[in-house]
Amino acid sequence: MGAFRLIIALFPLGNSLFAQGVNGGDVFAEYCAPCHGADGKARTPAGKKLGAKDLSESKLPDAEIEKQILAGKKDERGSDRMPAFQGRLKESEVAALVVFVKTFRR
Ligand code: HEC
């Protein structure tokens, strides 16, 4: 039981240390690729259905990318097209994504 308590106590620390080395590609693969595809071109069934943007064609500036990730996007009837990730991703993960999303551009 003592060791268990210690692990719990150390967890927040370990978590924040880990966040320093966030890999934007890993976060993208987990949360974004289902719609935007591993290559960012949104040629996935969900991406086509929802009309996800081809990120290699995107010209959004950093601040707009961040906004899109945090706030998501709703259609005119108010249902989600892209879900909001505010509260689901850490600040460091969002920052890593902003950098990673731009690597699709060429
Ligand atoms: C459920 C599907 C879905 C998921 C998951 C998703 N997106 Fe999207 N994304 C969309 C759709 C749909 C749009 C187009 C919205 C619109 O009409 O502007 C979009 C648009 C964007 C845009 C704007 C591109 C532009 O030029 O307008 C960015 C940037 C983006 N997504 C990044 C992400 C990132 C990063 C993630 C992961 C955290 C993510 N998306 C997860 C569906 C999704």
Side-chain angles (χ1 to χ4, degrees):
M1 198 60 205
F4 185 64
R5 282 240 174 75
L6 184 65
I7 290 167
I8 298 291
L10 286 176
F11 185 68
L13 176 65
N15 218 18
S16 66
L17 285 178
F18 185 71
Q20 307 279 314
V22 172
N23 180 322
D26 289 347
V27 183
F28 189 88
E30 183 170 353
Y31 294 98
C32 320
C35 290
H36 288 283
D39 61 0
K41 291 182 184 292
R43 291 183 295 208
T44 64
K48 285 182 190 156
K49 187 164 163 255
L50 292 162
K53 295 266 168 78
D54 178 348
L55 296 176
S56 72
E57 302 285 340
S58 176
K59 295 184 173 59
L60 285 190
D62 289 12
E64 294 294 317
I65 298 173
E66 186 180 332
K67 208 170 108 194
Q68 176 98 17
I69 296 170
L70 293 176
K73 199 84 165 198
K74 295 190 186 303
D75 65 19
E76 53 289 348
R77 279 183 259 114
S79 48
D80 275 344
R81 296 183 61 199
M82 175 168 156
F85 286 92
Q86 178 111 55
R88 290 174 63 195
L89 294 173
K90 296 197 223 62
E91 228 174 273
S92 55
E93 291 174 320
V94 173
L97 280 173
V98 170
V99 174
F100 184 76
V101 156
K102 292 185 292 179
T103 65
F104 292 121
R105 301 178 184 182
R106 214 125 293 184

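The two residues Phe100 and Gly24 make their nearest non-hydrogen contact at CG-C, 3.8 Å. Taking each heavy atom of Gly51 and Arg81 in turn, the nearest pair found is O-NH2, 3.5 Å. Across every non-hydrogen atom of Ala42 and Ala52, the tightest pair is CB-O, 3.6 Å. The shortest non-hydrogen separation linking Ala84 to Ala71 is CB-O, 3.4 Å. The shortest non-hydrogen separation linking Glu93 to Leu89 is OE1-CA, 3.4 Å.
Residue pairs meeting the ring-ring contact (aromatic ring centres under 6.0 Å, His included) criterion with at least one member in residues 40-64, sequence neighbours excluded, do not occur. Note on residues 23-32: no pairs pass side chain to side chain donor-acceptor pair (under 3.5 Å), not counting sequence neighbours. Pairs engaging residues 78-98 under the ring-ring contact (aromatic ring centres under 6.0 Å, His included) rule: none recorded [sequence neighbours left out].
Considering Val22, Ile69, Ile65 as possible partners of Leu97, the one that fulfils the side-chain contact (heavy atoms from CB on, under 4.5 Å) test is Ile69.
With hydrophobic clusters built from ILVMFWY side chains whose heavy atoms lie under 4.5 angstrom apart, Val101 does not share a cluster with Leu50. The hydrophobic clustering, which links ILVMFWY residues whose side-chain heavy atoms are closer than 4.5 Å, places Leu70 and Leu55 together.
One distance of note links NZ of Lys73 with NZ of Lys67; it measures 7.5 Å at 0.5 Å rounding. Rounded to the nearest 0.5 Å, atoms NE2 (His36) and CE (Met82) are 5.0 Å apart. Going from atom CD of Gln86 over to atom CD of Glu91 covers 9.5 Å, rounded to the nearest 0.5 Å.
Listed for the Thr44 side chain is a donor-acceptor partner under 3.5 Å among the backbone atoms of Pro34.
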